[in-house]
Number of protein chains: 2
Amino acid sequence: MREDTRTRIQEVALRLFTEQGYEATSLREIAEELGVTKAALYYHFKTKDDIVASLVDLRVAEIEELVEWARTRPRTPETRRSLLERYAANLARPSHLEVTRFLERNQTALRAHPKLIKMREAMLALTAELSEPGATPVERISRSLALVALHAGKWMTAQDGLTEDEIAKASMEVARRLVDM
Amino acid sequence: MREDTRTRIQEVALRLFTEQGYEATSLREIAEELGVTKAALYYHFKTKDDIVASLVDLRVAEIEELVEWARTRPRTPETRRSLLERYAANLARPSHLEVTRFLERNQTALRAHPKLIKMREAMLALTAELSEPGATPVERISRSLALVALHAGKWMTAQDGLTEDEIAKASMEVARRLVDM
DNA sequence: GTCTATACACTGATAGAC
DNA sequence: GTCTATCAGTGTATAGAC
């Protein structure tokens, strides 16, 4: 049984946006791959931006949920390590990884997009939860980098002759050291 | 005495590309701000991509120079720390900082651009120089992040109520710890 | 050498027919 | 739900004025 058109549009769009870039991917391209016309896309999504919005929604919700959880806990080393593990587990799901990669690669193109602004705010809030009020500049910067380390681990896949598993474990170890600094 | 048109095009283009994104900035926009027509831009640059290429050239050359320098030295902790300091000094110059920021923000849009591919290769080579042959996965990932830390310090300017100087010093300290891991 | 005028194929988007 | 037709605006290109 075939999926509905809306879902197929999202899948093709996410793939092409990530591979070629958001602006470099035309609606005609997406439509042709699906065997429909541009106008058909406009029945399912109001604008091109709207396709992006639909992709980002779930991801933002999960990060905000993670922030909520962190706020119920004291800002201790234990909380920080738990937060890292929850974030990594979340990132490990293929659909989320794809969306995150897409967003990282298309920052400027999507700069003014309301959903993207929400996403950025959520990530900032998450970073804030990794530092206690009296943290030094070195601690703040080092902890911001912990999340970057987890992303970097995912992008590095199949490089340097390391296995995917080695990279995942190593980047988690680096992230852990960064929040413990 | 007024600068020549070519230089003014580069300045306006770099600013608009960074602020709004590469694809979101039209040649008409650049031309209007300079008080000329689109066609005038085509006298000075063959294509829109060509404007980017001219901006990136110097930056790539300097990174490759840094790689050359590193290759003449043993891969020791001392070399790594020197490399960081040279890279940071290089990054501190306003023109380079702007170009680097522009490139980071427009990765996908410029994906296939030959100059960008050279830039990416140069950064990979630089990262490679930060690890000795027998380095563990944790060491490799941690050292790649050192360069990211220096960039992050620059982007973070005027946030969290920290002064620019505090941030610069702190991110250098984090970078140093990352290469010493 | 420096620029203007003009044209071309393509883009995101809309209106209306089936 | 999908189509055809059409719009203004885009990057690109060239012919020709000075």
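Just so it is clear: chains get the letters A, B, ... in the order the sequence lines come, proteins before strands, and each one is counted from 1.
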Between dC3(D), dG11(D), dC3(C), spot the one nearest the side chain of T5(B), thanks.
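The answer is dC3(C).
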Short side-chain N/O contact to dC3(D) OP1/OP2 from T37(A), under 4.0 Å:
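True: T37(A) side-chain N/O within range (under 4.0 Å) of dC3(D) OP1/OP2.
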Just jot down the side-chain contact (heavy atoms from CB on, under 4.5 Å) partners of [X], sequence neighbours excluded, or say none.
X: S26(A); answer: R28(A), E29(A)
X: Q107(A); answer: none
X: T76(B); answer: P74(B), E78(B), T79(B)

Residues of residues 16-26 of chain A with any non-hydrogen atom less than 4.0 angstrom from an atom of DNA chain C: list those, numerically ordered, please.
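Contacts with DNA chain C under 4.0 Å: T25(A), S26(A).
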Quick one: list whatever passes salt bridge (Lys or Arg N to Asp or Glu O under 4.0 Å) with K38(B), sequence neighbours left out.
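Once residues adjacent in sequence are excluded, K38(B) has no partner under the salt bridge (Lys or Arg N to Asp or Glu O under 4.0 Å) criterion.
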Looking at DNA chain D, which of residues 39-49 of chain A put a heavy atom within less than 4.0 Å of it?
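Hits under 4.0 Å, by residue number: A39(A), A40(A), Y43(A), H44(A).
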Does anything in residues 103-118 of chain A come within less than 4.0 Å of DNA chain D? Heavy atoms only, and list the residues if so.
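Heavy-atom cutoff 4.0 Å gives no residues at all.
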Measure [atom1]/[X] against [atom2]/[N] and give the value in whole Å, please.
X: L27(B); N: dA13(D); atom1: CG; atom2: C1'; answer: 12 Å
X: D50(B); N: dA13(D); atom1: CG; atom2: P; answer: 11 Å
X: E32(A); N: dC3(D); atom1: CD; atom2: C1'; answer: 15 Å
X: R28(B); N: dC3(C); atom1: CZ; atom2: P; answer: 19 Å
X: L34(B); N: dT2(C); atom1: CG; atom2: P; answer: 15 Å

Does E173(A) come within less than 4.0 Å of R177(A), counting only side-chain N to carboxylate O?
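Here E173(A) pairs with R177(A) in a salt bridge, since their nearest N and O are under 4.0 Å apart.
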Ion pair present between D180(A) and R81(A), side-chain N to carboxylate O less than 4.0 angstrom?
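Result for this pair is yes, salt bridge flagged.
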Considering only residues two or more places apart or on different chains, which pairs with a residue in residues 86-104 of chain A satisfy salt bridge (Lys or Arg N to Asp or Glu O under 4.0 Å)?
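As it turns out, the salt bridge (Lys or Arg N to Asp or Glu O under 4.0 Å) pairs with a partner in residues 86-104 of chain A, which skip direct neighbours, are E62(A)-R93(A).
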Scan for salt bridge (Lys or Arg N to Asp or Glu O under 4.0 Å) pairs involving residues 116-135 of chain B, sequence neighbours excluded, and state none if there are none.
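Counting only pairs at least two positions apart or across chains, the salt bridge (Lys or Arg N to Asp or Glu O under 4.0 Å) contacts touching residues 116-135 of chain B are R71(B)-E129(B), R75(B)-E129(B), R80(B)-E132(B), E132(B)-R143(B).
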Presence of donor-acceptor pair under 3.5 Å, side chain of K38(B) and base of dT12(D)
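Per atom types, the contact qualifies.
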Relative orientation of the end axes in the helix from dG1(C)-dC18(D) to dC18(C)-dG1(D), expressed as an angle to the nearest 10° (five pairs per end):
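Roughly 0° between the end axes, to the nearest 10°.
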Under 3.5 Å, which donor-acceptor pairs link side chains of residues 12-19 of chain A to any protein atom two or more places apart or in another chain?
unit_1 : atom_1 : unit_2 : atom_2 : d
R15(A) : NH1    : E33(A) : OE2    : 3.4
R15(A) : NH2    : E33(A) : OE2    : 2.3
T18(A) : OG1    : L14(A) : O      : 2.7

With sequence neighbours left out, write down each residue that passes side chain to side chain donor-acceptor pair (under 3.5 Å) with S54(A), or none if nothing qualifies.
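Partners of S54(A) by the side chain to side chain donor-acceptor pair (under 3.5 Å) criterion, ordered by chain and then number, come out as Q10(A).
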